[in-house]
Amino acid sequence: MLEYIRLHFHILMTKIRNMGCGIFMFGTKKLTAVVLALVLMILPAASVHAGVAVSSPSVILIESSTGQVIYEVDSTQRRSPASITKIMTLLLAFEAIDAGKVKLTDQVTTSEYASSMGGSQVFLAAGEVQTLDTMIKCIAVSSGNDASVAVAEHIAGSEEAFVALMNEKAAELGMTDTHFEDCCGLSDSDNHYTSARDVAVMSRELTVKHPEIFNYTKIWMEDITHETRQGTINFTLSSTNKLLKQYQWTTGLKTGSTSKAKYCFAATASKDGIDLIAVVMGAPDYKTRFGDAQTLLTYGFSVCDIYIDENRDPLAPLAVEGGVAQEVGIKYQEEFRYLDTAGNDLTSVQKVLDLPEKVLAPVEAGTEAGRARYLINGAEIGSVPVLFAEDVAKAGYSDYLKKVFGVFLL
(Lines give C-alpha, C1' and ligand atoms only; values in the text may rest on other atoms or scores of the structure.)
Protein backbone atom coordinates (compact mmCIF):
# COMPACT_ATOMS: atom_id res chain seq x y z
CA MET A 1 0.00 0.00 0.00
CA LEU A 2 2.82 2.42 0.87
CA GLU A 3 4.49 1.71 -2.47
CA TYR A 4 1.19 2.40 -4.19
CA ILE A 5 0.90 5.80 -2.46
CA ARG A 6 4.47 6.70 -3.37
CA LEU A 7 3.98 5.64 -7.00
CA HIS A 8 0.82 7.65 -7.62
CA PHE A 9 2.07 10.64 -5.64
CA HIS A 10 5.18 10.70 -7.83
CA ILE A 11 3.14 10.40 -11.03
CA LEU A 12 0.78 13.20 -10.00
CA MET A 13 3.64 15.54 -9.01
CA THR A 14 5.39 14.87 -12.32
CA LYS A 15 2.25 15.69 -14.31
CA ILE A 16 1.79 18.92 -12.35
CA ARG A 17 5.41 19.95 -12.99
CA ASN A 18 4.90 19.32 -16.70
CA MET A 19 1.99 21.77 -16.68
CA GLY A 20 4.43 24.62 -16.18
CA CYS A 21 6.37 26.47 -13.54
CA GLY A 22 3.65 29.06 -12.85
CA ILE A 23 1.71 26.70 -10.64
CA PHE A 24 4.63 26.62 -8.22
CA MET A 25 3.94 30.24 -7.30
CA PHE A 26 1.56 28.65 -4.84
CA GLY A 27 4.60 27.39 -2.95
CA THR A 28 6.29 24.03 -3.42
CA LYS A 29 5.85 22.87 0.16
CA LYS A 30 2.18 23.85 0.29
CA LEU A 31 1.54 22.31 -3.11
CA THR A 32 3.19 19.06 -2.05
CA ALA A 33 1.03 18.90 1.05
CA VAL A 34 -2.14 19.54 -0.94
CA VAL A 35 -1.26 16.96 -3.58
CA LEU A 36 -0.44 14.35 -0.93
CA ALA A 37 -3.76 15.04 0.76
CA LEU A 38 -5.56 14.60 -2.56
CA VAL A 39 -3.79 11.30 -3.19
CA LEU A 40 -4.82 10.04 0.24
CA MET A 41 -8.40 11.21 -0.31
CA ILE A 42 -8.74 9.35 -3.62
CA LEU A 43 -6.72 6.31 -2.52
CA PRO A 44 -9.70 4.03 -1.75
CA ALA A 45 -11.15 4.60 -5.23
CA ALA A 46 -7.74 4.36 -6.89
CA SER A 47 -7.03 1.06 -5.14
CA VAL A 48 -10.14 -0.41 -6.66
CA HIS A 49 -9.76 0.99 -10.18
CA ALA A 50 -6.00 1.35 -10.72
CA GLY A 51 -4.54 -1.16 -8.30
CA VAL A 52 -3.89 -4.84 -8.83
CA ALA A 53 -6.60 -7.02 -7.32
CA VAL A 54 -6.38 -10.59 -8.61
CA SER A 55 -7.92 -13.81 -7.28
CA SER A 56 -5.56 -16.33 -8.87
CA PRO A 57 -2.92 -17.79 -6.50
CA SER A 58 0.06 -17.38 -8.83
CA VAL A 59 0.53 -14.53 -11.31
CA ILE A 60 3.23 -12.44 -12.94
CA LEU A 61 3.31 -9.43 -15.25
CA ILE A 62 6.40 -8.56 -17.28
CA GLU A 63 7.35 -6.14 -20.04
CA SER A 64 8.38 -8.20 -23.03
CA SER A 65 11.31 -6.36 -24.61
CA THR A 66 13.21 -5.87 -21.33
CA GLY A 67 11.92 -8.87 -19.38
CA GLN A 68 11.37 -6.57 -16.40
CA VAL A 69 8.91 -7.81 -13.78
CA ILE A 70 6.18 -5.29 -13.05
CA TYR A 71 4.05 -7.31 -10.64
CA GLU A 72 4.01 -10.85 -9.25
CA VAL A 73 2.40 -13.05 -6.62
CA ASP A 74 3.91 -16.46 -5.78
CA SER A 75 5.34 -16.55 -9.29
CA THR A 76 7.85 -19.34 -8.56
CA GLN A 77 5.28 -21.71 -7.11
CA ARG A 78 5.34 -24.99 -9.05
CA ARG A 79 1.97 -25.78 -10.55
CA SER A 80 0.43 -28.03 -13.17
CA PRO A 81 0.35 -26.00 -16.41
CA ALA A 82 -2.27 -27.78 -18.53
CA SER A 83 -2.18 -26.58 -22.16
CA ILE A 84 0.11 -23.61 -21.63
CA THR A 85 2.67 -26.42 -21.92
CA LYS A 86 2.16 -25.91 -25.65
CA ILE A 87 4.04 -22.60 -25.52
CA MET A 88 7.23 -24.66 -25.33
CA THR A 89 5.98 -26.94 -28.12
CA LEU A 90 5.40 -23.91 -30.34
CA LEU A 91 8.79 -22.44 -29.41
CA LEU A 92 10.60 -25.62 -30.45
CA ALA A 93 8.58 -25.79 -33.66
CA PHE A 94 9.65 -22.28 -34.69
CA GLU A 95 13.24 -22.97 -33.69
CA ALA A 96 13.21 -26.08 -35.90
CA ILE A 97 11.88 -23.97 -38.77
CA ASP A 98 14.59 -21.35 -38.29
CA ALA A 99 17.25 -24.07 -38.16
CA GLY A 100 16.03 -25.46 -41.49
CA LYS A 101 15.08 -28.83 -39.97
CA VAL A 102 11.45 -28.45 -41.02
CA LYS A 103 9.40 -26.10 -43.20
CA LEU A 104 5.89 -24.67 -42.85
CA THR A 105 5.03 -26.47 -46.08
CA ASP A 106 6.05 -29.87 -44.67
CA GLN A 107 3.39 -32.56 -44.87
CA VAL A 108 2.80 -33.78 -41.31
CA THR A 109 1.13 -37.18 -40.93
CA THR A 110 -1.03 -37.85 -37.89
CA SER A 111 -0.09 -41.10 -36.19
CA GLU A 112 -2.52 -43.47 -34.48
CA TYR A 113 -1.11 -42.29 -31.15
CA ALA A 114 -1.50 -38.60 -31.97
CA SER A 115 -5.05 -39.18 -33.15
CA SER A 116 -5.92 -40.89 -29.86
CA MET A 117 -5.26 -37.79 -27.73
CA GLY A 118 -8.26 -36.75 -25.71
CA GLY A 119 -9.10 -33.40 -24.19
CA SER A 120 -8.89 -30.38 -26.45
CA GLN A 121 -8.47 -31.60 -30.02
CA VAL A 122 -9.15 -30.79 -33.65
CA PHE A 123 -10.13 -34.40 -34.47
CA LEU A 124 -7.25 -35.38 -36.70
CA ALA A 125 -7.70 -38.90 -38.06
CA ALA A 126 -4.94 -41.49 -38.07
CA GLY A 127 -3.09 -41.15 -41.36
CA GLU A 128 -4.45 -37.66 -42.00
CA VAL A 129 -1.94 -35.25 -43.52
CA GLN A 130 -1.81 -31.52 -42.87
CA THR A 131 0.89 -28.95 -43.50
CA LEU A 132 3.02 -27.89 -40.55
CA ASP A 133 1.53 -24.42 -40.98
CA THR A 134 -1.98 -25.82 -40.43
CA MET A 135 -0.83 -27.94 -37.50
CA ILE A 136 0.66 -24.87 -35.79
CA LYS A 137 -2.63 -23.10 -36.37
CA CYS A 138 -4.47 -26.00 -34.75
CA ILE A 139 -2.20 -25.73 -31.69
CA ALA A 140 -2.18 -21.94 -31.35
CA VAL A 141 -5.87 -21.33 -32.04
CA SER A 142 -7.76 -24.39 -30.81
CA SER A 143 -5.13 -25.92 -28.49
CA GLY A 144 -5.24 -29.24 -30.32
CA ASN A 145 -3.57 -32.00 -28.31
CA ASP A 146 -3.60 -34.25 -31.36
CA ALA A 147 -1.88 -31.59 -33.47
CA SER A 148 0.72 -31.01 -30.75
CA VAL A 149 1.72 -34.67 -30.66
CA ALA A 150 1.76 -34.88 -34.48
CA VAL A 151 4.14 -31.90 -34.64
CA ALA A 152 6.33 -33.33 -31.87
CA GLU A 153 6.64 -36.62 -33.74
CA HIS A 154 7.37 -34.84 -37.01
CA ILE A 155 10.22 -32.82 -35.48
CA ALA A 156 11.80 -35.34 -33.10
CA GLY A 157 10.53 -38.75 -34.24
CA SER A 158 8.52 -39.38 -31.08
CA GLU A 159 6.81 -37.42 -28.34
CA GLU A 160 9.29 -38.82 -25.82
CA ALA A 161 12.26 -37.48 -27.79
CA PHE A 162 10.51 -34.15 -28.25
CA VAL A 163 9.80 -33.84 -24.51
CA ALA A 164 13.52 -34.35 -23.88
CA LEU A 165 14.14 -31.35 -26.15
CA MET A 166 11.53 -29.38 -24.21
CA ASN A 167 13.33 -30.02 -20.93
CA GLU A 168 16.69 -29.18 -22.49
CA LYS A 169 15.30 -25.86 -23.69
CA ALA A 170 13.77 -25.15 -20.29
CA ALA A 171 17.17 -25.68 -18.67
CA GLU A 172 18.84 -23.47 -21.28
CA LEU A 173 16.39 -20.65 -20.51
CA GLY A 174 16.96 -20.97 -16.76
CA MET A 175 13.47 -22.30 -16.07
CA THR A 176 14.44 -23.91 -12.77
CA ASP A 177 10.85 -24.60 -11.68
CA THR A 178 9.85 -26.54 -14.79
CA HIS A 179 9.77 -30.15 -15.88
CA PHE A 180 7.72 -31.52 -18.78
CA GLU A 181 6.39 -35.04 -19.30
CA ASP A 182 4.32 -34.45 -22.42
CA CYS A 183 4.08 -31.90 -25.21
CA CYS A 184 0.47 -30.83 -24.77
CA GLY A 185 -0.28 -30.64 -21.03
CA LEU A 186 -2.68 -33.55 -20.68
CA SER A 187 -0.56 -35.18 -17.98
CA ASP A 188 -1.76 -35.08 -14.37
CA SER A 189 1.61 -36.32 -13.18
CA ASP A 190 3.16 -34.45 -10.26
CA ASN A 191 6.36 -34.46 -12.31
CA HIS A 192 4.83 -32.25 -15.01
CA TYR A 193 5.04 -28.74 -13.65
CA THR A 194 6.10 -25.17 -14.23
CA SER A 195 5.68 -21.77 -12.60
CA ALA A 196 4.17 -18.45 -13.65
CA ARG A 197 7.63 -16.94 -13.86
CA ASP A 198 8.93 -19.76 -16.06
CA VAL A 199 5.88 -19.51 -18.30
CA ALA A 200 6.65 -15.80 -18.71
CA VAL A 201 10.23 -16.70 -19.64
CA MET A 202 9.25 -19.14 -22.39
CA SER A 203 6.44 -16.84 -23.58
CA ARG A 204 8.94 -14.02 -23.94
CA GLU A 205 11.40 -16.28 -25.79
CA LEU A 206 8.67 -17.33 -28.21
CA THR A 207 7.17 -13.90 -28.88
CA VAL A 208 10.39 -11.87 -29.02
CA LYS A 209 12.43 -14.34 -31.09
CA HIS A 210 9.50 -15.51 -33.23
CA PRO A 211 6.94 -12.67 -33.53
CA GLU A 212 5.34 -14.53 -36.44
CA ILE A 213 3.51 -16.53 -33.75
CA PHE A 214 1.10 -13.59 -33.54
CA ASN A 215 -0.07 -14.39 -37.08
CA TYR A 216 -1.61 -17.48 -35.49
CA THR A 217 -2.58 -16.35 -31.98
CA LYS A 218 -4.59 -13.37 -33.25
CA ILE A 219 -6.92 -15.68 -35.21
CA TRP A 220 -10.41 -15.82 -33.73
CA MET A 221 -11.93 -18.34 -36.14
CA GLU A 222 -10.69 -20.07 -39.25
CA ASP A 223 -11.64 -23.17 -41.23
CA ILE A 224 -9.35 -26.06 -42.03
CA THR A 225 -10.11 -29.04 -44.22
CA HIS A 226 -9.93 -32.64 -43.02
CA GLU A 227 -9.07 -34.97 -45.92
CA THR A 228 -9.29 -38.64 -44.92
CA ARG A 229 -10.35 -41.96 -46.38
CA GLN A 230 -13.84 -41.20 -45.16
CA GLY A 231 -13.99 -38.06 -47.28
CA THR A 232 -13.42 -34.31 -47.04
CA ILE A 233 -14.97 -32.11 -44.37
CA ASN A 234 -14.46 -28.54 -43.22
CA PHE A 235 -13.70 -27.94 -39.56
CA THR A 236 -13.79 -24.55 -37.82
CA LEU A 237 -10.97 -23.68 -35.47
CA SER A 238 -12.21 -21.45 -32.64
CA SER A 239 -9.79 -19.59 -30.41
CA THR A 240 -9.71 -20.57 -26.75
CA ASN A 241 -8.47 -17.05 -25.95
CA LYS A 242 -11.66 -15.11 -25.26
CA LEU A 243 -9.62 -11.99 -24.41
CA LEU A 244 -9.25 -11.49 -28.16
CA LYS A 245 -12.85 -10.23 -28.13
CA GLN A 246 -12.80 -8.69 -24.65
CA TYR A 247 -9.60 -6.64 -24.62
CA GLN A 248 -8.65 -4.70 -27.73
CA TRP A 249 -4.86 -4.83 -27.28
CA THR A 250 -4.68 -8.62 -26.98
CA THR A 251 -2.22 -10.38 -29.27
CA GLY A 252 -2.13 -13.91 -27.76
CA LEU A 253 -1.03 -16.27 -26.36
CA LYS A 254 -2.20 -19.55 -24.78
CA THR A 255 -4.87 -20.87 -22.44
CA GLY A 256 -4.98 -24.12 -20.48
CA SER A 257 -7.21 -25.97 -18.06
CA THR A 258 -7.48 -29.35 -16.38
CA SER A 259 -9.06 -30.44 -13.11
CA LYS A 260 -5.59 -30.43 -11.52
CA ALA A 261 -4.20 -27.24 -13.05
CA LYS A 262 -7.54 -25.40 -12.86
CA TYR A 263 -7.52 -22.43 -15.26
CA CYS A 264 -4.26 -21.03 -16.63
CA PHE A 265 -3.46 -18.31 -19.13
CA ALA A 266 -0.41 -16.66 -20.67
CA ALA A 267 -1.73 -13.42 -22.14
CA THR A 268 0.13 -11.04 -24.42
CA ALA A 269 -0.93 -7.53 -25.37
CA SER A 270 0.56 -4.53 -27.15
CA LYS A 271 -0.31 -0.85 -26.74
CA ASP A 272 1.55 2.35 -27.61
CA GLY A 273 4.80 0.52 -28.28
CA ILE A 274 4.71 -1.42 -25.00
CA ASP A 275 4.41 -5.23 -25.08
CA LEU A 276 3.27 -7.02 -21.93
CA ILE A 277 3.02 -10.65 -20.86
CA ALA A 278 0.65 -11.60 -18.04
CA VAL A 279 0.63 -15.16 -16.69
CA VAL A 280 -2.21 -16.48 -14.53
CA MET A 281 -2.06 -19.95 -12.98
CA GLY A 282 -4.54 -21.86 -10.83
CA ALA A 283 -7.53 -19.56 -11.39
CA PRO A 284 -10.73 -21.08 -9.98
CA ASP A 285 -12.73 -20.60 -13.20
CA TYR A 286 -12.36 -19.35 -16.75
CA LYS A 287 -13.88 -15.94 -16.02
CA THR A 288 -11.34 -15.32 -13.28
CA ARG A 289 -8.37 -16.23 -15.47
CA PHE A 290 -9.44 -13.80 -18.19
CA GLY A 291 -10.42 -11.14 -15.66
CA ASP A 292 -7.14 -11.41 -13.76
CA ALA A 293 -5.13 -11.29 -16.97
CA GLN A 294 -6.97 -8.18 -18.12
CA THR A 295 -6.48 -6.55 -14.71
CA LEU A 296 -2.75 -7.20 -14.87
CA LEU A 297 -2.42 -5.92 -18.43
CA THR A 298 -4.47 -2.79 -17.72
CA TYR A 299 -2.37 -2.06 -14.66
CA GLY A 300 0.82 -2.55 -16.64
CA PHE A 301 -0.20 -0.15 -19.38
CA SER A 302 -1.25 2.43 -16.77
CA VAL A 303 2.16 2.56 -15.06
CA CYS A 304 4.61 1.70 -17.83
CA ASP A 305 6.54 4.08 -20.02
CA ILE A 306 9.49 2.99 -22.09
CA TYR A 307 12.58 4.87 -23.24
CA ILE A 308 14.32 3.57 -26.35
CA ASP A 309 17.57 4.76 -27.85
CA GLU A 310 18.33 2.89 -31.06
CA ASN A 311 21.93 4.15 -30.86
CA ARG A 312 22.28 4.97 -34.52
CA ASP A 313 24.19 8.22 -34.00
CA PRO A 314 27.73 8.06 -35.44
CA LEU A 315 30.63 7.80 -33.01
CA ALA A 316 33.97 9.51 -33.62
CA PRO A 317 36.95 7.10 -33.84
CA LEU A 318 39.37 6.84 -30.94
CA ALA A 319 43.06 7.67 -31.21
CA VAL A 320 45.36 4.64 -31.10
CA GLU A 321 48.85 4.74 -29.62
CA GLY A 322 51.48 2.29 -30.82
CA GLY A 323 49.33 0.78 -33.56
CA VAL A 324 49.59 0.23 -37.31
CA ALA A 325 46.68 2.68 -37.59
CA GLN A 326 46.35 5.99 -35.81
CA GLU A 327 42.68 5.59 -34.97
CA VAL A 328 40.02 2.91 -34.55
CA GLY A 329 36.30 2.95 -35.24
CA ILE A 330 33.79 2.23 -32.47
CA LYS A 331 30.13 1.28 -32.39
CA TYR A 332 27.32 0.65 -29.93
CA GLN A 333 26.73 -2.98 -29.04
CA GLU A 334 22.96 -2.62 -29.12
CA GLU A 335 20.04 -0.32 -28.55
CA PHE A 336 19.12 0.80 -25.04
CA ARG A 337 15.73 0.23 -23.43
CA TYR A 338 14.53 1.41 -20.05
CA LEU A 339 11.13 0.59 -18.60
CA ASP A 340 9.87 3.18 -16.15
CA THR A 341 7.04 2.49 -13.70
CA ALA A 342 7.63 5.46 -11.39
CA GLY A 343 6.25 8.26 -13.55
CA ASN A 344 9.60 9.79 -14.48
CA ASP A 345 9.79 12.30 -17.31
CA LEU A 346 11.68 10.23 -19.87
CA THR A 347 12.37 13.28 -22.03
CA SER A 348 14.92 14.22 -19.36
CA VAL A 349 17.06 11.12 -19.91
CA GLN A 350 20.69 12.03 -20.59
CA LYS A 351 23.22 9.90 -22.44
CA VAL A 352 26.85 10.23 -21.38
CA LEU A 353 29.67 8.57 -23.32
CA ASP A 354 32.33 7.14 -21.03
CA LEU A 355 35.25 6.65 -23.44
CA PRO A 356 39.05 7.03 -23.18
CA GLU A 357 40.88 9.78 -25.07
CA LYS A 358 43.18 7.19 -26.61
CA VAL A 359 43.81 3.44 -26.48
CA LEU A 360 46.96 1.32 -26.67
CA ALA A 361 47.45 -1.18 -29.49
CA PRO A 362 46.74 -3.97 -30.07
CA VAL A 363 42.98 -3.49 -30.32
CA GLU A 364 40.58 -6.39 -30.96
CA ALA A 365 37.27 -5.86 -32.75
CA GLY A 366 34.27 -6.63 -30.58
CA THR A 367 35.96 -5.88 -27.27
CA GLU A 368 34.66 -3.12 -25.05
CA ALA A 369 36.05 0.38 -25.57
CA GLY A 370 33.77 2.07 -23.07
CA ARG A 371 30.10 2.56 -22.27
CA ALA A 372 27.16 4.80 -23.02
CA ARG A 373 25.54 5.56 -19.67
CA TYR A 374 21.98 6.80 -19.24
CA LEU A 375 20.95 9.11 -16.40
CA ILE A 376 17.75 10.52 -14.92
CA ASN A 377 18.27 13.40 -12.50
CA GLY A 378 21.91 12.39 -12.21
CA ALA A 379 21.15 8.76 -11.30
CA GLU A 380 22.25 6.02 -13.70
CA ILE A 381 19.41 3.88 -15.04
CA GLY A 382 21.50 1.66 -17.29
CA SER A 383 24.27 1.50 -19.86
CA VAL A 384 25.24 -0.05 -23.19
CA PRO A 385 28.77 -1.22 -24.13
CA VAL A 386 30.62 0.64 -26.86
CA LEU A 387 32.76 -1.78 -28.85
CA PHE A 388 35.80 -1.53 -31.09
CA ALA A 389 34.61 -1.95 -34.67
CA GLU A 390 37.91 -3.24 -36.08
CA ASP A 391 41.27 -4.77 -35.24
CA VAL A 392 44.36 -2.62 -34.91
CA ALA A 393 47.63 -4.52 -34.60
CA LYS A 394 50.53 -3.30 -32.54
CA ALA A 395 53.09 -1.49 -34.70
CA GLY A 396 56.45 -3.20 -35.25
CA TYR A 397 59.87 -1.85 -36.25
CA SER A 398 59.05 -2.06 -39.97
CA ASP A 399 55.80 -0.15 -39.43
CA TYR A 400 57.67 2.71 -37.79
CA LEU A 401 60.16 2.77 -40.69
CA LYS A 402 57.29 3.02 -43.16
CA LYS A 403 55.89 5.97 -41.24
CA VAL A 404 59.27 7.71 -41.21
CA PHE A 405 59.78 7.19 -44.96
CA GLY A 406 56.23 8.32 -45.56
CA VAL A 407 56.86 11.58 -43.77
CA PHE A 408 60.21 11.98 -45.64
CA LEU A 409 58.54 11.48 -49.02
CA LEU A 410 55.94 14.09 -48.18
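Just the heavy atoms: all of them, side chains too, but no hydrogens, waters or symmetry mates, feed the values below. If you read the sequence from its start, that first residue is 1, and numbering goes on from there.
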*Count the heavy atoms of every other residue, nucleotide or ligand shown that sit under 6.0 Å from NZ of Lys351, and state whether that count exceeds 12.*
yes
*Gap separating the CZ atom of Phe214 from the CG atom of Leu253, nearest 0.5 angstrom*: 6.5 Å
*Grab the two heavy atoms, one from Thr341 and one from Cys304, that are nearest each other, plus how far apart they are.*
CG2-SG, 4.0 Å
_Set of residues satisfying ring-ring contact (aromatic ring centres under 6.0 Å, His included) with respect to Phe290, sequence neighbours excluded_ = Phe265
*asked:* Would you say that more than 12 heavy atoms from the other residues, nucleotides or ligands in this model lie under 6.0 Å from the NZ of Lys331, or not?
replied: no
_Separation of Thr217 OG1 from Lys137 NZ (nearest 0.5 Å)_ = 12.5 Å
*From Glu205 CD over to Met88 CE, what is the distance, rounded to the nearest 0.5 angstrom?*
8.5 Å
_Greater than 12 external heavy atoms within 6.0 Å of Ile233's CD1_ = no
*Compare every heavy atom of Glu364 with every heavy atom of Phe388, then report the nearest pair and how far apart it is.*
CB-O, 3.7 Å
*Anything under 30° is parallel, anything over 60° is perpendicular, the rest tilted; go ahead and classify Tyr263 against Tyr286.*
tilted
_Test item: side-chain donor near acceptor, Asn145 and Ser120, under 3.5 Å_ = no
_I'd like to know whether CD of Glu368 has more than 12 heavy-atom contacts from other residues, nucleotides or ligands below 6.0 angstrom._
yes
*Side chain of Glu390, backbone of Val392: donor and acceptor closer than 3.5 Å?*
no
*Examine distances only and state if a side-chain atom of Thr89 and a backbone atom of Cys183 form a donor-acceptor pair shorter than 3.5 Å.*
yes
*List for me each residue that meets side-chain hydrogen bond (donor to acceptor under 3.5 Å, both in side chains) alongside Asp98, sequence neighbours excluded, and say none if there are none.*
His210
*asked:* Could you go through Met281 and Thr194, starting from their C-alpha distance and side-chain angles, then the distance that decides it, and tell me whether this counts as side-chain contact (heavy atoms from CB on, under 4.5 Å)?
replied: CA-CA 10 Å; Met281 297 192 73; Thr194 189; 4.1 Å; yes
*asked:* Ignoring hydrogens and geometry beyond distance, is a side-chain donor-acceptor pair present between Tyr113 and Glu159 at under 3.5 Å?
replied: yes
*Option from Ile224, Thr134, Ile219 for which side chain to side chain contact (heavy atoms under 4.5 Å, CB included) with Leu237 holds*: Ile224
*Would you please indicate yes or no on a ring centroid separation below 6.0 angstrom for Tyr374 and Phe336?*
yes
*Spell out, as yes or no, whether a donor-acceptor pair under 3.5 Å connects the side chain of Gln130 to the backbone of Thr225.*
yes
*Polar side chain donor-acceptor pair, Arg79 to Ser58, under 3.5 angstrom*: no
*Got a donor-acceptor contact below 3.5 angstrom from the Thr250 side chain to the Leu243 backbone?*
yes
_Straight-line distance of Lys254 NZ to Ile84 CD1, nearest 0.5 Å_ = 9.0 Å
*Between the main-chain N or O of Ser203 and the side-chain N or O of Thr207, is there a donor-acceptor pair closer than 3.5 Å?*
yes
*What is the minimum heavy-atom distance between Cys264 and Gly282, and which atoms define it?*
SG-N, 3.9 Å
_Nearest-0.5 Å distance that lies between atom OG in Ser239 and atom NZ in Lys242_ = 6.0 Å
*Sidechain N-carboxylate O distance under 4.0 Å for Asp190, Lys260*: yes
_Any pair counted as ring pair (Phe, Tyr, Trp, His ring centres under 6.0 Å), so long as it reaches residues 167-204, sequence neighbours left out_ = Phe180-His192
*More than 12 non-hydrogen atoms from neighbouring residues, nucleotides or ligands closer than 6.0 Å to CD on Gln107, yes or no?*
yes
*If every non-hydrogen atom of Leu92 is compared with every non-hydrogen atom of Ile155, which pair is closest and at what distance?*
O-CD1, 4.4 Å
_Where Ala114 and Asp146 come nearest, the two heavy atoms and their spacing_ = O-CB, 3.2 Å
*How about Thr251 and Thr268: does a side-chain donor come under 3.5 Å of a side-chain acceptor?*
yes
*Determine the interplanar angle of the Trp249 and Tyr247 rings, folded into 0 to 90°, and report it as parallel if under 30°, tilted if 30 to 60°, perpendicular if over 60°.*
perpendicular
*So does Arg371 pair up with Asp354, basic N to acidic O under 4.0 Å?*
no
*Kindly compute the distance separating CH2 (Trp220) from CG (Leu244), expressed to the nearest 0.5 Å.*
6.5 Å
*Measure from the side-chain N and O atoms of Asp292 to the backbone N and O of Val54, and report whether any donor-acceptor pair falls under 3.5 Å.*
no
*Quick one: do the Asp313 and Tyr332 side chains pair a donor with an acceptor below 3.5 Å?*
yes
*Hey, does the side chain of Ser142 reach the backbone of Cys138 with a donor-acceptor pair shorter than 3.5 angstrom?*
no
